[in-house]
Number of protein chains: 2
Amino acid sequence: MSSRRRTEAQTQLLDLLRRESTALSHDDISAKLPTDINRVTIYRILNRFVADGLAHRIVADDGRQYFASCADGCAHDTAAHGHLHFRCLVCDRVECLPEQVAFSLPEGYRVENYNVTLSGTCNSCSALAEAN
Amino acid sequence: MSSRRRTEAQTQLLDLLRRESTALSHDDISAKLPTDINRVTIYRILNRFVADGLAHRIVADDGRQYFASCADGCAHDTAAHGHLHFRCLVCDRVECLPEQVAFSLPEGYRVENYNVTLSGTCNSCSALAEAN
DNA sequence: AAATTTATAGCAACAATGTTGCATTAACGA
DNA sequence: TCGTTAATGCAACATTGTTGCTATAAATTT
Ligand SMILES: [Zn+2]
Ligand SMILES: [Zn+2]
Ligand SMILES: [Zn+2]
Ligand SMILES: [Zn+2]
């Protein structure tokens, strides 16, 4: 395998993902990056991060990709990404939740990727709603 | 609410969804329909079916929408769609599996939609692989 | 049966998201 | 310092799904 090079763009992107507590869409990332990085470059860096196990990709129920750092407690094997994702329909944020999903699967199925996304109202948004 | 009208296009589409054992993408549907129906019309009919509880929408981890009839045993409330979906990376089919997913959610989260998709190799494709 | 109403269909154009090809730049090792 | 090639940036494209508008036709009323 060809080895990776340390570039400014990648450093910024990885720092961003690690700093954020929620999973980020491409748009989120573009908006939050300190420097302008080309659209395509961002996509390519993200794909590389996923391939290298630095981040994982969530395809949410809005059909868009979100990316989250794999740093904390989420080991790089597939099964570790079986954790839950929650997309809030109010604040439009996607969170990685630590809870694992349990299920049984009929004989003969071999799982390679997990993509579990619930959507609804997140805890902070329901708290806000209660307050009114 | 304005009442629905019985049209040829809708009948064909609903028949197709009910006849099929797997969830269908737009392309699948286009290809399998006995008559040519306009792209946009298909999308609109599908959205109506989902709104009316005749079908449910799955957003798979390829970012595309798949549709399955709600006829058999899948009641029309949200929770009933908590069943598992499996997308086979070999034969590219999406199945509704009857098994429910179990998970716990932190306090304060309110779920409106479930979207659980595993991907990998389905039972028939792994059987074929074994045979070789 | 004819006229009326309006849900549905069809066409064109658009929007959003992500990828590929290719030339240029720059990281890194020799 | 030089050469190799990974990474970037630009343009163009691909795919998937939606919206606006007009035409058609299903259902209801006259
Ligand atoms: Zn929220
Ligand atoms: Zn996650
Ligand atoms: Zn298969
Ligand atoms: Zn299903």
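Model, not experiment: these values are computed from the prediction. Scope of the values below: all heavy atoms of this structure, side chains included, with no hydrogens, waters or symmetry mates. Chain A is the first sequence line, chain B the second, and so forth, proteins listed ahead of strands; every chain is numbered from 1.
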Engineer: Whole-Å distance between dT16(D) P and Asp62(B) CG?
Structural biologist: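 Rounding to the nearest Å, CG of Asp62(B) and P of dT16(D) are 8 Å apart.
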Engineer: Check the side chains of Ser126(B) and Asn123(B) for a donor-acceptor pair under 3.5 angstrom, ignoring hydrogens and angles.
Structural biologist: no
Engineer: Between Arg48(A) and dT8(D), is there a contact of a side-chain N or O with OP1 or OP2 at under 4.0 Å?
Structural biologist: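 Yes, within the criterion.
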Engineer: What nucleotide among dT8(D), dG9(D), dA9(C) has an atom nearest to a side-chain atom of Ile45(A)?
Structural biologist: dT8(D)
Engineer: Got Arg48(A) and Arg4(A) here, is their nearest side-chain heavy-atom distance under 4.5 Å?
Structural biologist: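 Contact flag for Arg48(A)/Arg4(A) side chains = yes.
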Engineer: Which nucleotide in the list dT8(C), dG10(C), dG17(D) gets nearest to the side chain of Arg44(B)?
Structural biologist: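 Of all the options, the side chain of Arg44(B) is nearest to dG10(C).
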Engineer: Could you please name the option among dG17(D), dG18(C), dA9(C) that lies closest to any side-chain atom of Arg39(A)?
Structural biologist: dG18(C)
Engineer: Please state how far atom CZ in Arg6(B) lies from atom C1' in dT28(D), giving the value in whole angstrom units.
Structural biologist: 17 Å
Engineer: Rounded to whole Å, how long is the line connecting atom CD1 of Ile29(A) with atom C1' of dG18(C)?
Structural biologist: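 Taking CD1 of Ile29(A) and C1' of dG18(C), I get 13 Å after rounding.
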Engineer: Asp36(B) CG to dA9(C) P: how many Å, rounded?
Structural biologist: 14 Å
Engineer: Is any side-chain N or O of Asn38(B) closer than 4.0 Å to OP1 or OP2 of dC11(C)?
Structural biologist: yes
Engineer: Taking the six-membered ring where the residue is Trp, are the ring centres of Phe67(B) and His56(B) under 6.0 Å apart?
Structural biologist: no
Engineer: Roughly how many Å is it from CD in Glu8(B) to P in dA27(D), rounded to a whole number?
Structural biologist: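 Those two atoms, CD and P, are 12 Å apart.
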Engineer: Could you work out which one of dT19(D), dT8(C), dT8(D) sits closest to the side chain of Arg5(B)?
Structural biologist: dT8(C)
Engineer: Which nucleotide in the list dT20(C), dA9(C), dG17(D) gets nearest to the side chain of Ala9(B)?
Structural biologist: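 Out of dT20(C), dA9(C), dG17(D), the nucleotide with an atom closest to Ala9(B)'s side chain is dA9(C).
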Engineer: Of all the nucleotides listed (dA11(D), dC11(C), dG17(D)), which has the minimum atom distance to the side chain of Arg64(B)?
Structural biologist: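 Of the options given, the side chain of Arg64(B) lies nearest dG17(D).
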Engineer: Within the pair Thr7(A) and dA7(D), is there a side-chain N or O less than 4.0 Å away from OP1 or OP2?
Structural biologist: no
Engineer: Could you check how far CG of Asp28(A) sits from P of dT17(C), rounded to whole Å?
Structural biologist: 10 Å
Engineer: Would you say the side chain of Phe86(A) lies within less than 4.5 Å of the side chain of Val111(B), judging by non-hydrogen atoms?
Structural biologist: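 Yes, side chains in contact.
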Engineer: Between dT16(D) atom C1' and Leu24(B) atom CG, what is the distance in whole Å?
Structural biologist: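 My rounded result for the distance is 16 Å.
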Engineer: Output yes when at least one side-chain N/O atom of Arg4(B) is less than 4.0 Å from OP1 or OP2 of dT8(C), else no.
Structural biologist: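 Indeed, a polar side-chain atom of Arg4(B) lies that close.
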Engineer: Could you tell me how far apart Phe49(A) (CZ) and dG18(C) (C1') are, to the nearest whole angstrom?
Structural biologist: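 Atom CZ in Phe49(A) sits about 18 Å away from atom C1' in dG18(C).
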Engineer: How about Thr22(B) and Leu24(B): do any of their side-chain heavy atoms sit closer than 4.5 Å?
Structural biologist: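 With C-beta onward as the side chain, the pair touches.
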Engineer: Between dT19(C) and Tyr43(A), is there an OP1 or OP2 to side-chain N/O distance shorter than 4.0 Å?
Structural biologist: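 Tyr43(A) to dT19(C) OP1/OP2: no side-chain N or O under 4.0 Å.
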